Structures are given as C-alpha cells and as structure tokens.
Protein chains: 2
Amino acid sequence: MTDVETRELRYFVAVAEELHFGRAAARLGIAQPPLSRAISRLEHRLGVRLLDRDRRGAALTDAGRVLLRESRVALDAVAAAAHRTRRAGNPDRPLVLVTKAGASHELLQRLLDAVADDPGAAPVEVLLCEVGEQARLLRDGRADVALMHRPVDDLAGFDTEDLHTEGQVAIVPTRHPLASRDQVTLAEVSDVPGLPIARWPRLDGSYPDGPGPEIHTQSQLAQLVALGRTLLVIPASSRAWQWPEHVAVPVVDAPAITTVIAWPSSISSPEVASLVRSAAALRDS
Amino acid sequence: MTDVETRELRYFVAVAEELHFGRAAARLGIAQPPLSRAISRLEHRLGVRLLDRDRRGAALTDAGRVLLRESRVALDAVAAAAHRTRRAGNPDRPLVLVTKAGASHELLQRLLDAVADDPGAAPVEVLLCEVGEQARLLRDGRADVALMHRPVDDLAGFDTEDLHTEGQVAIVPTRHPLASRDQVTLAEVSDVPGLPIARWPRLDGSYPDGPGPEIHTQSQLAQLVALGRTLLVIPASSRAWQWPEHVAVPVVDAPAITTVIAWPSSISSPEVASLVRSAAALRDS
DNA sequence: CCGTCGGATACCTGCCGGGTATCACAGCGA
DNA sequence: TCGCTGTGATACCCGGCAGGTATCCGACGG
C-alpha cells in the first residue's frame, strides 16, 4: 500500500491518452519497457486493472477512466503547488490574469487601466490563451485569476464575480443577405447554405454535431472568418477582432453571455481580492 | 525544472508541521540527513527558500506557508485518485457516507432505511468521524458523500443539496435555573457562571476565545456534557445523544443549521447521484 | 508461413534515496 | 571559559529501482 508518486500518474495519463505504450513512452522521453513495468506496478499496487491490453493497443477499463480523470486533477494540484510557491517566493510577483484571446477586449482594457491608475495595486500580467484553456491554467497555478464566460466556460471549483452580461451577435460577410437584417434568430442563422455555423466546444471539451468547423484556436477562427468560410455567433464585446468586410447582427434568441472574473476558491490572497474589487468597481460604474 | 514528486511534498508537510527536522524524520520513518537533503533539493528546484533554519528549529517562510497549504490539497487529490480508482475496480463497492458521530441521527436513519428498501440502490457504508473531518475524507477519497452542516462545516469545492434546516438548542443540566425556561438567547447562555459554553472549531480549524473547552472529539464532548462541565449549543436533531439529566432549551437567536448532503463536485457517478436523489426525496416527504 | 506490430520479459547499469558517522554552530550552565 | 547539548548540514557508502537494450510471444495480414 505504498504511496502513489506523481511520476506514475504522469505515465498513466500518457498511456491513457495515447492508448499505445510505444507512443506514450516516446512522448515521455523514455523507452517502452520501463513504462510497461511502471503501469503494471501501478495496477498491482492499486489492485485494479487499468487497461485492457489488446493486440492493437490498449483500452481503458472503468477504473482506468476514473484514474485518468482523477490523475489530471491531482497532477494539476501538484503543479499548482509548485507554481504558486515559486510565485510566492518572488517579492514583487505580478498577478497573472488569463483570458481568451479577443474576448471582452474593452472590459479588459478598462480593468488594466484601473489597475495601472491605482498605485497600491499589484502589477498584472496578461496571458492570452485558447478556447477553454483558462480553467486549466487556473487549476495548475500558471494563472491567478481569469476572465471567463458563463455559460460557455467550466467554472466548477472557482469563485466568480459577475462583471457584465450581453447578448450575442452573428458575424456575417457584408454582402450576405443576412447582413442587412436588424436582428436574426438562431434558427435562421444555423442553417445558412454555404455558410455553416462554427462549432464551439462544450463544457466537457466535446463538440456538437454539425457541418461547420470545430473551433480550437483563435488564429484558426480568425482565418476562417476572414475567408468567409464560417458564420460565427459570439458575444457582442468580442467584436474587437472584426473586419470591415463583416457585419454583426444581433441574435435575439441566443443565450446571454456573462463575463465573470474567476479565481480558485482555495486561494485567498489579498492581491487577488483587490483585483477582484477593482473589476467589480468597473461593473458598478 | 524537473517535476515535484508526492514524496517530496509529504516530506515537506511533515517538516512544516513539526517545524523540526529530527521529529519530522522520525514521523516519516526515515533518518534526518536524507530529509534535510530532500527539503533543500526541493527548495533549490523551486528556486525559493521554504524554511528559515534557526538554531532552535525551523520556521516557515511566506512561500513555505503557501506550499504547505497547496501541498495538502495536492496530496489529498493524489490520495483521492488512488482511493477512487481502487473503489471503481471493485464491482459491488459500497458507497461510503461519512457524517459527524451523533449528528443528524434521525435523518441518517431514515436515509439508510430508504436505501435499504430500494433494491436498485447501491449499498451504503456509514463512516463516523470527528468534528470537521468530513471535508478531509471527501477530499482524499476515503468517502464518497457526506452529511454536513451549514454554516459550521467547510463546504468549499463540494456540491451540496439542502436536506433540513433547524434551530439550535442549549443543553443544560436539569437542575440548572435555565432548564425551566421556554427559550433562551445566546447572550444569556454565553456567560453562565460555572458552566462555560463549549467552543466549536471555526471553518479554518481555529477556535474562538472563551473560557469553555475546545471540542475536538465526540467522546470528549459526551464526557464533558455528562459531567455537567460545559454548556452546549447544538442543532436540535443532535439530541440523539442526550442524557436524562439534561434538558434542551431552544436558543432563539442562534443561527439556523442546515443539514446538507455533500459530494466532491468533480465526481459524477450514478451511484452518488442516486443516493442524493434518495436523500432529497426524504426532505420532500 | 513469414513479416510486422505491440506489449511483456530478461537482464544490466547508474543514479538516487536512504543509512551511519561526523561536523558546525549556538546557546547555556557550571 | 569551557564543555555539553540540541539542532541542522556534510561526507560517504550501499542497495534498490528507474531506465536502457535485446529479445520473446501472440496476433494479425499477406
């Protein structure tokens, strides 16, 4: 009943993700045999079969699926411990604020201005990330605080403060028939011939079905839009990256998006609290 | 920038708690020199001083305090991964439900009856623990679900469902003047000569000031009450352990206590969901 | 029936975790 | 002042285990 080491969890996660010992070993930078041994030792120690070894790879058992999910949060927690400790050691560490590139641009701008104007506030470093990455960065300690969006982001385990609620708009090429409309509905917009609606990831990271492209990165998205290959439904404030050849049409029945400031509920640093206060003050004004 | 291993975190936690390398080493079952080395390697790797070595022991730095807090949650997460995986491997694992010994006795009884009557429900194993221990057991995976009490327990990071709200009563010896009252106030009860009010731990585990005894274990509490050495303010339902020589007097202005069923928000097992549904059904009936 | 692919096994090696002995240093008491 | 004690650090050694290479075994495809 010896204790589980993080190395073993990292190894298991690699195998569980690759479902192939050889590839997992390569990814980990070790040879395949030690990896096989480590996994079977882990199985033995837990008294549970984690993988069904099939002749063309490996498949997760139920217990394996549980361990995969749990390992990710455990590894994030360990990484967070290291990150936050490193930061606590540096006397004038900046707070790291993470947000999806391009979203809530104006709000972010005002927040940074407010912080800059406040001589007592800790400096803030802005980290821009891809769709759905904020939660990960908060969980593993690379970021202290995030701007996130309800209901599209996963807010479990975080404390949040609502900052701003807004409707969504459809981004369509100027010459498209829909461009002249005052407003549209989701139904109208979701089945436009030749202009499939972009598919954003759900809370769990999976994608809804449909003909449009799956959105993974901001740059990919920008290019798709620039090429006129997809129709986009986004919060009005994300119009910061919009091009002259597109127009935004309000989508009346799309769910409202609330921008929130989020931080790990375990954390209770005065710097974070002060930043949250500054952000909340922006909302009131 | 190699990764942090759980062993190192366990070692650090031991030193941080003992504030003494020798004692920490003894507790860990290793010799002192390897422990010193492990800690200084950890400090070097994190690039941060964790402890100020003084001639009469060690003291935590700010960074050390951060790492202590973070290490505990990380170690709990790792332990939870192991526990939950082991349980997932056993096909007919019982759900482990933890509650403070003595609290919400009647509700627990009804819940267990309901589960026993439902042939489709997973079996439930009851684990009784001391004051404030439930959160720990949920976090490190030794328990799946808990009966907890708002606002006295720490519910951060858990999903909860309210089951029952009730007032609190003061437990006083029958021959005491207060025993004949219909109701009392906190002010009356908090300064009774010769019968100091018992002090429960706060959310963070610290204790309020006062003359009364600090409550750590249920057996200690039972004995103090039986001896007539302390005056107790508890939820009405905790009267399950009450003796004939005491009476319960409602305390009109004490905060109401809500019994909740709580489970780690990361978990989404059908067995837990079903148990929560059973508990919620009790509330409605 | 052979070649290939994927994982397991056998066996070796070097590193690192852990042990013992000892040091360095600061109080402290006689 | 000088040991003495209690503390953590250093020096050094040893054994086990992580990790490497070579090889095997079973299953498929041709």
Side-chain angles (χ1 to χ4, degrees), chain A residues 1-61 63-65 67-68 71 75 78 82, chain B residues 1-61 63-65 67-68 71 75 78 82:
Chain A
M1 211 65 73
T2 14
D3 280 294
V4 176
E5 289 297 327
T6 62
R7 178 166 15 83
E8 307 182 279
L9 295 185
R10 278 193 300 275
Y11 285 8
F12 173 73
V13 169
V15 176
E17 285 177 353
E18 299 286 346
L19 295 177
H20 188 288
F21 281 74
R23 279 197 302 274
R27 186 172 118 187
L28 292 166
I30 65 173
Q32 170 256 319
L35 180 59
S36 285
R37 257 189 313 162
I39 298 295
S40 62
R41 185 180 45 238
L42 183 60
E43 287 181 322
H44 193 259
R45 192 169 323 152
L46 294 176
V48 164
R49 193 135 200 86
L50 299 170
L51 296 155
D52 285 323
R53 277 79 153 178
D54 184 72
R55 281 308 139 194
R56 43 183 29 101
L60 284 171
T61 62
R65 264 181 290 277
L67 185 59
L68 176 58
S71 294
L75 290 175
V78 172
Chain B
M1 210 65 76
T2 14
D3 280 294
V4 175
E5 289 296 327
T6 62
R7 179 167 14 86
E8 307 181 280
L9 296 184
R10 279 193 300 274
Y11 286 7
F12 174 73
V13 168
V15 175
E17 285 177 355
E18 299 286 345
L19 295 177
H20 187 290
F21 280 73
R23 278 197 301 273
R27 187 172 118 185
L28 293 166
I30 65 172
Q32 169 257 319
L35 181 58
S36 285
R37 257 190 313 162
I39 298 295
S40 62
R41 184 181 45 237
L42 183 59
E43 288 182 320
H44 193 260
R45 194 172 318 157
L46 294 175
V48 164
R49 192 137 201 86
L50 299 170
L51 296 154
D52 286 322
R53 277 79 152 179
D54 184 70
R55 279 307 141 196
R56 45 184 28 103
L60 284 171
T61 62
R65 263 181 291 278
L67 184 59
L68 176 58
S71 295
L75 290 175
V78 172

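What you are looking at is a predicted structure, and each value in this text was computed from that prediction instead of being measured. By convention in this document, chain letters (A, B, ...) are assigned in the order of the sequence lines, proteins followed by strands, and residues within each chain are numbered from 1.
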Rounding to an integer number of Å, can you tell me how far B/I30 CD1 sits from D/dG8 P?
13 Å
Quick one, A/E43 with A/R53, criterion salt bridge (Lys or Arg N to Asp or Glu O under 4.0 Å). Give me CA distance, side-chain angles, the key distance, then yes/no.
CA-CA 13 Å; A/E43 287 181 322; A/R53 277 79 153 178; 2.8 Å; yes
Send over the distance from A/D3 CG to C/dG17 P, rounded to a whole Å.
16 Å
Rounded to whole Å, please give me the gap between CD in B/E43 and C1' in D/dG8.
12 Å
Given B/R45 and B/R41, is the side-chain contact (heavy atoms from CB on, under 4.5 Å) satisfied, shown in steps?
CA-CA 6 Å; B/R45 194 172 318 157; B/R41 184 181 45 237; 3.5 Å; yes
One should read off an interatomic distance between A/F21 CZ and A/L28 CG, to the nearest 0.5 angstrom, of 11.5 Å
Nucleic acid footprint by protein, nucleotides 6-15 of chain C - heavy-atom cut-off 4.0 Å, B for base, S for sugar-phosphate alone
BBBB------
Tell me, with the steps shown, if B/R7 and A/D3 meet salt bridge (Lys or Arg N to Asp or Glu O under 4.0 Å).
CA-CA 8 Å; B/R7 179 167 14 86; A/D3 280 294; over 6 Å; no
d(CD1, B/I39; P, D/dT10) in whole Å
14 Å
Non-hydrogen atoms of B/A25 and B/L35 that approach each other most closely:
N-CD2, 3.5 Å
Hey, what do you get for CD (B/E17) to CG (B/L19), rounding to the nearest 0.5 Å?
9.0 Å
Is it the case that A/T6 and A/R10 place a side-chain donor and acceptor less than 3.5 Å from each other?
yes
Let's go through A/L60 and A/D52 carefully: what are the C-alpha distance in whole Å and the side-chain angles of both, what is the deciding distance for side-chain contact (heavy atoms from CB on, under 4.5 Å) to 0.1 Å, and is it a yes or a no?
CA-CA 6 Å; A/L60 284 171; A/D52 285 323; over 6 Å; no
Is the shortest side-chain N/O distance from A/R41 to OP1 or OP2 of D/dC17 below 4.0 Å?
no
Please work out which residues in residues 7-16 of chain A have a non-hydrogen atom less than 4.0 Å from an atom of DNA chain C and list them by number.
none
Please report the distance, rounded to the nearest Å, between CD in A/E5 and P in D/dG19.
12 Å
